[in-house]
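Because the structure is a prediction, the values reported are computed rather than measured.
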Amino acid sequence: MKRTTVWLTTAAALTGLAACTSSGSSDEPEDKRPASAPAALPALRTAEHSTKRAATARVRSTTVMGTQLSLTADGVLAWRDGLSGSLTLDYTGGTAAETMRGLGVTSMEARYLSDAYYARMGDTFAAKMGGKHWLRYAYDDLKTLGGGADLADQMRSTTPNQSVRLLLDSGDVRELGRETVGGQAATHYAGTVRVEDVTDTELRRRLQDADVTAETVDIWINEKNLLVKKVEKTSTTNGRVTQTAHYSDYGVKVAVQKPPAADTEDFKTLLSQSSTNPT
């Protein structure tokens with residue numbers, strides 16, 4: 001049970017973060033990217049730079065991963081020097097959510113810091129796990145586990161502006177017109193990104209490992225050239241994944257603190273315990 005819980009918590013924290021940011025980025029020179037609609041490219045490049053410079057924002061998101069997991073996330077993120085922030089994740093459906101409910105967990109708070117992220121599981125979970133409410137996942141420790149390097153790298157590098165970067169890899173990006181998002185005027189852009197066109201090598205490998213061939217990306221940019229909404233849809237071996245995020249309050253103060261050490265358990269300790277006592 002402990003090992004299952006540890007990995008479900010890891011997946012939920014990453015999924016919530018990915019929905020609020022993006023699954024990858026590209027640092028390739030712009031002239032190496034696939035050709036896109038010329039009229040859209042200058043606006044997208046401006047939006048990518050403006051969103052990156054904004055450095056902080058309030059985020060609300062929803063994620064549906066086939067029949068496995070559905071969740072919502074709400075909080076604040078900062079991305080000036082790496083990624084940090086705090087999100088409240090609510091499990092809303094799927095087999096993973098049912099498993100967590102069986103452990104008395106329907107939501108959790110995730111805090112992302114430079115060296116680790118922390119998950120607060122609630123009183124019921126704490127009573128089953130020795131009284132401590134928080135689990136600590138050091139990024140360096142995640143790298144020692146199968147697939148952990150991908151988790152660690154994604155948690156450290158994902159930022160909202162990367163959704164715009166991903167769309168720049170699309171060969172058919174197009175402007176769909178003006179719409180109202182969150183009470184403000186915004187321009188809607190959309191495109192399909194083929195995996196072979198993704199210029200980020202690691203992201204392309206992860207998508208290929210999941211048998212993903214293409215991803216559709218929709219973004220909305222406001223009059224300040226800031227990302228205010230994104231929708232990413234992907235079909236994987238585990239079903240269709242849809243991530244929707246809304247961004248507001250750019251520049252909001254983000255101050256994240258480590259939970260009290262006396263109320264925190266390290267996930268490696270739980271994994272060690274589960275090896276000798278799987279229940």
#### Entry: side-chain contact (heavy atoms from CB on, under 4.5 Å) evaluation trace for Lys229 with Thr244
CA-CA 7 Å; Lys229 180 181 178 182; Thr244 302; 4.2 Å; yes
#### Entry: Gln162 and Lys230: CA distance, side-chain angles, deciding distance, side-chain contact (heavy atoms from CB on, under 4.5 Å) verdict
CA-CA 11 Å; Gln162 292 174 2; Lys230 70 113 178 193; over 6 Å; no
#### Entry: Steps toward side-chain contact (heavy atoms from CB on, under 4.5 Å) verdict (Thr106, Met100)
CA-CA 7 Å; Thr106 58; Met100 296 302 287; over 6 Å; no
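Ring orientation note: the planes of Trp134 and Tyr118 are nearly perpendicular, at an angle over 60° on the 30°/60° scale. Aromatic ring pairs are classed by plane angle as parallel below 30°, tilted from 30° to 60° and perpendicular above 60°; the pair Tyr250 and Trp79 is perpendicular.
Heavy-atom minimum distance, Val252 versus Ala57: CG1-C, 3.7 Å. Heavy atoms only, all atoms of each residue included: Val217 and Ser163 are closest at CG1-O, 4.0 Å. Residues Ala73 and Leu89 approach most closely at CB-CD2, 3.4 Å, considering heavy atoms. Residue Thr62 comes nearest to Thr72 through the heavy atom pair CG2-CG2, 3.9 Å, listed as atom of the first residue, atom of the second, then distance. In plain terms, the two heavy atoms of Tyr247 and Pro160 that are nearest each other are CE2-CB, 3.7 Å. Scanning all heavy atoms of the two residues, the minimum distance from Ala116 to Ala138 falls at CB-CA, 3.6 Å.
Atoms OG and CG, on Ser248 and Leu226 in that order, are 11.0 Å from each other to the nearest 0.5 Å. With values rounded to the nearest 0.5 angstrom, Leu71 atom CG is found 12.0 Å from Thr88 atom OG1. Atoms CZ and CD1, from Arg165 and Ile219 in turn, are 13.0 Å apart once rounded to the nearest 0.5 Å. To the nearest 0.5 Å, the span separating NE2 on His188 from OG1 on Thr180 amounts to 13.5 Å. For the atom pair Ser84 OG and Leu77 CG, the distance stands at 8.0 Å (nearest 0.5 Å). Taking CZ of Arg194 as the reference point, atom CG of Asp172 lies at 9.0 Å (rounded to 0.5 Å).
Residues near Val64 contribute nothing to a hydrophobic cluster around it, because no ILVMFWY side-chain heavy atom sits closer than 4.5 Å to its side chain. The hydrophobic cluster containing Val231, built from Ile/Leu/Val/Met/Phe/Trp/Tyr side-chain heavy atoms closer than 4.5 Å, also comprises Val181, Trp220, Val228.
A salt bridge is absent between Asp266 and Lys132: the closest approach of a Lys/Arg side-chain nitrogen to an acidic carboxylate oxygen does not fall below 4.0 angstrom. Using a cutoff of 4.0 Å between basic side-chain nitrogens and carboxylate oxygens, Asp74 and Arg60 are not scored as salt-bridged.
With sequence neighbours excluded, the residues satisfying side-chain contact (heavy atoms from CB on, under 4.5 Å) with Thr216 are Thr192, Lys233. Arg101 pairs by the salt bridge (charged side-chain N to carboxylate O under 4.0 Å, His left out) definition with Glu98, not counting sequence neighbours. Residues forming a side chain to side chain donor-acceptor pair (under 3.5 Å) with Arg111 (at least two apart in sequence, or on another chain): Glu109. Partners of Arg178 by salt bridge (charged side-chain N to carboxylate O under 4.0 Å, His left out), not counting sequence neighbours, listed by chain and number: Glu223. Looking at residues two or more places apart in sequence or on another chain, you find no salt bridge (charged side-chain N to carboxylate O under 4.0 Å, His left out) involving Asp263. With sequence neighbours excluded, no residue forms a salt bridge (charged side-chain N to carboxylate O under 4.0 Å, His left out) with Lys224. Residues satisfying the side-chain contact (heavy atoms from CB on, under 4.5 Å) criterion with Thr46, sequence neighbours excluded, are Ser50, Asn225.
Within the 4.5 Å cutoff, the side chain of Val256 has no heavy atoms near those of the Tyr112 side chain. Residues Lys258 and Thr264 are not in side-chain contact: their nearest non-hydrogen atoms beyond the backbone lie 4.5 Å or more apart. Contact of the Glu232 side chain with the Leu167 side chain is not registered, since no non-hydrogen atoms from C-beta on lie closer than 4.5 Å.
Between the side chain of Thr56 and the backbone N or O of Val254 there is no donor-acceptor pair closer than 3.5 Å. At distances below 3.5 Å, not a single donor-acceptor pair connects side-chain atoms of Ser170 with backbone N or O atoms of Leu166.
Connection of Leu83 to Val59 is established within a shared hydrophobic cluster, with ILVMFWY side chains joined at heavy-atom distances below 4.5 Å, either directly or through further cluster members. Met121 and Leu113 fall into different hydrophobic clusters, defined by Ile, Leu, Val, Met, Phe, Trp and Tyr side-chain heavy atoms under 4.5 Å apart, directly or through other members. At a threshold of 4.5 Å between side-chain heavy atoms, the hydrophobic network of Ile, Leu, Val, Met, Phe, Trp and Tyr places Leu87 and Val76 in two separate groups.
Side-chain atoms of Thr187 and Glu175 form no donor-acceptor pair, as typed in the model, at a separation below 3.5 Å.
For residues 236-246, there are no salt bridge (Lys or Arg N to Asp or Glu O under 4.0 Å) pairs, not counting sequence neighbours. The salt bridge (Lys or Arg N to Asp or Glu O under 4.0 Å) contacts involving residues 241-251 comprise Arg58-Asp249, where partners must be two or more places apart or lie in separate chains. Listed by first and then second residue, the salt bridge (Lys or Arg N to Asp or Glu O under 4.0 Å) pairs that reach into residues 85-97 come to none, sequence neighbours excluded.
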